[in-house]
There are 2 protein chains.
Amino acid sequence: MGIALLGYGTVGSEVLRLMTENSEALEHRIEGPFELKGVAVSDASKPREGVDPELITEDARSLVLRDDVDVVVEVIGGIDYPRELVLSALNAGKSVVTANKALVAAHADELAAAADANNVDLFYEAAVAAAIPVVNMLRRSLAGDQIRRISGIVNGTTNFILDAMDATGADYEAALAEATRLGYAEADPTADVEGHDAASKAAILASMGFYTRVRFSDVSCEGITGVTAEDIEAAKAAGDTIKLLAICEKITGEDGTVSVSARVHPTLVPREHPLASVSGSYNAVFVEAEGAGDLMFYGNGAGGAPTASAVLGDVVGAARNKYLGGHAPKDLTYADLPIADPGDVPTRYHIDLRVHDRVGVLADLARTCASRGISLRTVRQEEGYEVDGHEAARLILVTHTAREHDLADFVADLKAHDDVLAVKSVIRLAE
Amino acid sequence: MGIALLGYGTVGSEVLRLMTENSEALEHRIEGPFELKGVAVSDASKPREGVDPELITEDARSLVLRDDVDVVVEVIGGIDYPRELVLSALNAGKSVVTANKALVAAHADELAAAADANNVDLFYEAAVAAAIPVVNMLRRSLAGDQIRRISGIVNGTTNFILDAMDATGADYEAALAEATRLGYAEADPTADVEGHDAASKAAILASMGFYTRVRFSDVSCEGITGVTAEDIEAAKAAGDTIKLLAICEKITGEDGTVSVSARVHPTLVPREHPLASVSGSYNAVFVEAEGAGDLMFYGNGAGGAPTASAVLGDVVGAARNKYLGGHAPKDLTYADLPIADPGDVPTRYHIDLRVHDRVGVLADLARTCASRGISLRTVRQEEGYEVDGHEAARLILVTHTAREHDLADFVADLKAHDDVLAVKSVIRLAE
């Protein structure tokens with residue numbers, strides 16, 4: 001069984017380390033021997049520890065086509081170049097293991113079709129929350145169940161930042177700076193803090209959970225850059241914590257159509273919810289299934305060794321199938337549900353307002369509510385604020401469940417309301 | 001693909017319900033059609049809802065041998081009768097899915113050998129923590145990693161009782177009565193509260209984690225019947241909670257021998273540890289792996305539907321292999337490590353004492369400690385207690401890590417010590 005490794009960065013080097021250290025277990029699991037045939041890198045002249053120099057090549061295109069290669073491991077990152085290599089490998093009859101969420105979220109259709117056409121496997125456990133085996137869970141363990149909802153903390157950078165804000169009262173900028181200093185945030189943190197990374201994972205999770213192809217572009221996405229220290233404080237006061245959740249669920253629209261919603265946004269999570277205690281850069285995926293009930297998987301969602309661990313689990317799966325026959329559970333898209341209109345999604349809002357501190361303002365706002373068909377679950381009022389020299393009260397409104405578009409219209413009404421001095425924040429609730 | 005269902009109780013009826021409701025997804029996952037061929041029950045005259053009466057039979061022995069049956073699902077419970085049926089099915093070339101932890105923990109060797117000899121699958125995901133896919137995780141997802149330690153809350157009854165004691169301050173008897181009233185404890189709760197159920201699961205987890213056959217009888221086991229309201233209170237004061245943990249790890253003995261320890265005992269878990277927040281009757285399995293780092297799986301560890309969900313995941317696996325070729329990852333026991341001497345296990349003790357309230361008692365006890373090579377991490381002293389009319393102080397000693405036999409000797413010394421009026425409790429710490 002010949003293995004080709006594409007990429008020898010943080011993940012690739014850990015793949016090789018674990019592969020070497022755990023070779024006995026791997027051979028027992030694969031039920032046969034395996035051998036690393038080559039490691040493709042962009043600059044072969046760079047010295048690389050832990051790898052036989054004879055295995056190093058810059059020619060990834062030829063490596064994936066070699067006759068003695070059966071399984072190709074792609075841990076390069078990026079989209080276009082790995083896409084070309086992965087397609088070429090699949091079309092040459094090699095099984096592929098990738099840790100590349102951007103690639104899978106963007107081109108799953110094409111890749112899955114190539115794997116099918118060539119009767120080989122495409123594995124990507126490491127692409128979603130690294131070491132957390134959520135792909136195996138959804139494709140195998142819950143194969144006889146029905147998923148209702150998946151909500152996940154699937155980005156470690158943003159969880160680290162929000163957790164730091166919660167623990168220390170720091171504002172967003174300070175917490176981001178700390179995350180950058182400690183290596184939890186990249187120099188350009190955009191993909192993380194704007195929720196794009198989480199959205200890629202949401203697309204993959206929703207696709208698997210609902211047998212429907214959901215693409216990155218189908219995911220509505222709001223990052224954490226707007227979350228303030230005041231929001232965190234208000235969440236705490238309500239017994240909640242704010243997490244950036246990727247939420248995937250089937251919803252029934254006003255016309256009865258069942259569709260799939262995949263979205264990413266800051267979310268108020270009650271302290272007693274299992275997701276609330278996911279701290280630091282950890283990830284967790286919470287699944288509500290019809291039979292199994294509530295399940296949560298928690299672990300390292302990034303990092304060289306955790307990602308490599310997931311990659312090797314897939315390598316074993318791919319190599320076993322090459323030796324023993326059979327193939328991995330496929331991407332299933334037979335349900336082919338429509339993607340939900342984001343405005344149709346049922347949710348609840350936590351709205352933090354500043355209003356003129358005068359008698360009757362609450363009754364007035366209650367009428368605005370009623371006119372939009374929104375009902376309030378709780379209203380909390382605090383005196384003693386000031387906005388632009390006006391005496392103000394703080395109002396925190398928590399709504400009952402309503403459609404996103406009705407809630408958005410309600411917020412627009414609030415912004416236009418004479419008595420409203422400012423809408424400080426709008427955060428959705430987990431349930 | 002013909003399925004035979006043995007048993008139609010809480011789990012069996014849910015297996016059939018989910019199988020019927022989710023048949024479309026199941027056929028896609030199996031990649032072919034399937035059909036229920038028969039349901040074996042002990043009394044066929046009893047009316048049973050949701051099942052075609054023509055499928056009901058009392059003759060399980062014949063059902064498992066039928067030519068049109070490919071996969072046998074065993075959800076009867078007990079040991080001897082299901083053992084006979086499962087062996088008969090395996091030897092007739094049928095794959096078997098069982099939810100029976102007692103059967104697997106007692107006869108895994110024999111069953112695995114029969115599956116191997118007949119080149120069929122033996123699946124038992126539901127036998128460990130029901131809906132939590134820990135078997136898949138250990139056998140597939142972590143196949144390229146190295147497990148250091150598995151610690152699990154794998155019995156819902158005892159977790160419910162300990163959680164109730166923690167939440168309400170109730171003593172053990174009151175919490176057990178409440179658990180019984182709510183259906184979380186059986187009329188005879190022995191197997192749960194004495195830790196035997198958890199020990200079966202510990203045996204299975206240790207076997208999978210360390211490629212070594214660990215039997216129920218290899219597991220050292222202490223239940224929760226000795227846990228008092230005072231223990232819970234002391235745990236709280238220290239920022240801990242008490243959980244009944246099944247702990248499986250590789251240890252290195254004083255002579256350098258590497259061996260496997262599997263044990264079940266009440267354990268002090270820090271509040272910030274992910275296992276501490278596992279409430280009610282939920283289960284969770286916490287895995288420390290060399291590459292993946294810390295992982296935790298959380299979910300329903302019992303109940304009809306959660307168990308049935310896990311059973312169906314396995315049915316899909318078994319049926320896929322029958323259609324597509326290949327077989328499930330096997331029980332691997334190649335490492336064949338010795339079972340650790342329980343006295344050799346490194347652990348830490350939390351010891352609650354009553355001592356004579358006199359000057360110098362602490363210095364005296366410190367000498368006892370030193371003579372056994374035990375060092376203390378913390379000592380907490382409270383005045384104002386009384387034992388048999390003597391003025392007493394309460395001492396809470398938390399040791400550093402030492403071997404179990406040294407700690408046990410130390411406790412024996414304490415009990416014999418003139419200044420010690422009572423050793424109220426000894427509880428191990430998680431780490």
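Order of the sequence lines sets the chain letters (A, B, ...), proteins ahead of strands, with each chain counted from 1.
Listed for the A/R140 side chain is no donor-acceptor partner under 3.5 Å among the backbone atoms of B/G313.
When each of B/P306, B/G317, B/A131 is checked for heavy-atom pairs under 4.5 Å with chain A, B/P306 comes out on top. When each of A/E125, A/E272, A/E24 is scored by its heavy-atom pairs under 4.5 Å with chain B, the top score falls to A/E24. Of the residues considered (A/P274, A/A308, A/A130), A/P274 shows the highest number of contacts with chain B, using heavy-atom pairs under 4.5 Å. Heavy-atom pairs under 4.5 Å with chain B were tallied for A/A284, A/G304, A/S23, A/A305; the largest tally goes to A/A305. Contact count against chain B (heavy-atom pairs under 4.5 Å) is highest for A/K330 among A/M19, A/K330, A/E14. The candidate with the highest count of non-hydrogen atom pairs below 4.5 Å against chain A, out of B/E21, B/H28, B/R139, is B/H28. Comparing A/V278, A/L142, A/N136, A/V316 by how many heavy-atom pairs each has under 4.5 Å with chain B, the most go to A/N136. Put simply, of A/S279, A/S277, A/P329, the one with the most heavy-atom pairs under 4.5 Å next to chain B is A/P329.
Here the OG atom belonging to A/S141 is positioned 10.0 Å from the CE atom belonging to B/M137, to the nearest 0.5 angstrom. The CG atom of A/N119 sits 9.0 Å away from the CG atom of B/L324 when rounded to the nearest 0.5 Å.
Within 6.0 Å of the OH atom in B/Y184, the count of heavy atoms belonging to other residues, nucleotides or ligands does not exceed 12. More than 12 heavy-atom neighbours from other residues, nucleotides or ligands sit within 6.0 angstrom of OH on B/Y211.
Contact detail for B/A25 and A/Y334: the closest heavy-atom pair is CA-OH, 3.1 Å. Of all non-hydrogen atoms in B/G144 and A/N22, the two that sit nearest each other are O-ND2, 2.9 Å.
For a residue to count as touching a neighbouring chain, one of its non-hydrogen atoms must lie under 4.5 Å from one of that chain's; by this rule B/Y282 touches chain A with the side chain only. Contacts between B/Q146 and chain A at a heavy-atom distance below 4.5 Å involve backbone atoms as well as side-chain atoms.
Within the structure, the side-chain hydrogen bond (donor to acceptor under 3.5 Å, both in side chains) test picks out the following pairs touching residues 307-320 of chain B (sequence neighbours left out): A/D145-B/S309, B/E31-B/R320.
Counting heavy atoms from C-beta on, the side chains of A/R29 and B/L332 come closer than 4.5 Å.
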Got a list of side-chain donor-acceptor pairs under 3.5 Å for residues 286-300 of chain A, not counting sequence neighbours?
| unit_1 | atom_1 | unit_2 | atom_2 | d |
| --- | --- | --- | --- | --- |
| A/E290 | OE1 | B/R17 | NH1 | 3.3 |
| A/E290 | OE2 | B/R17 | NH1 | 3.3 |
| A/N300 | ND2 | B/A292 | O | 2.9 |

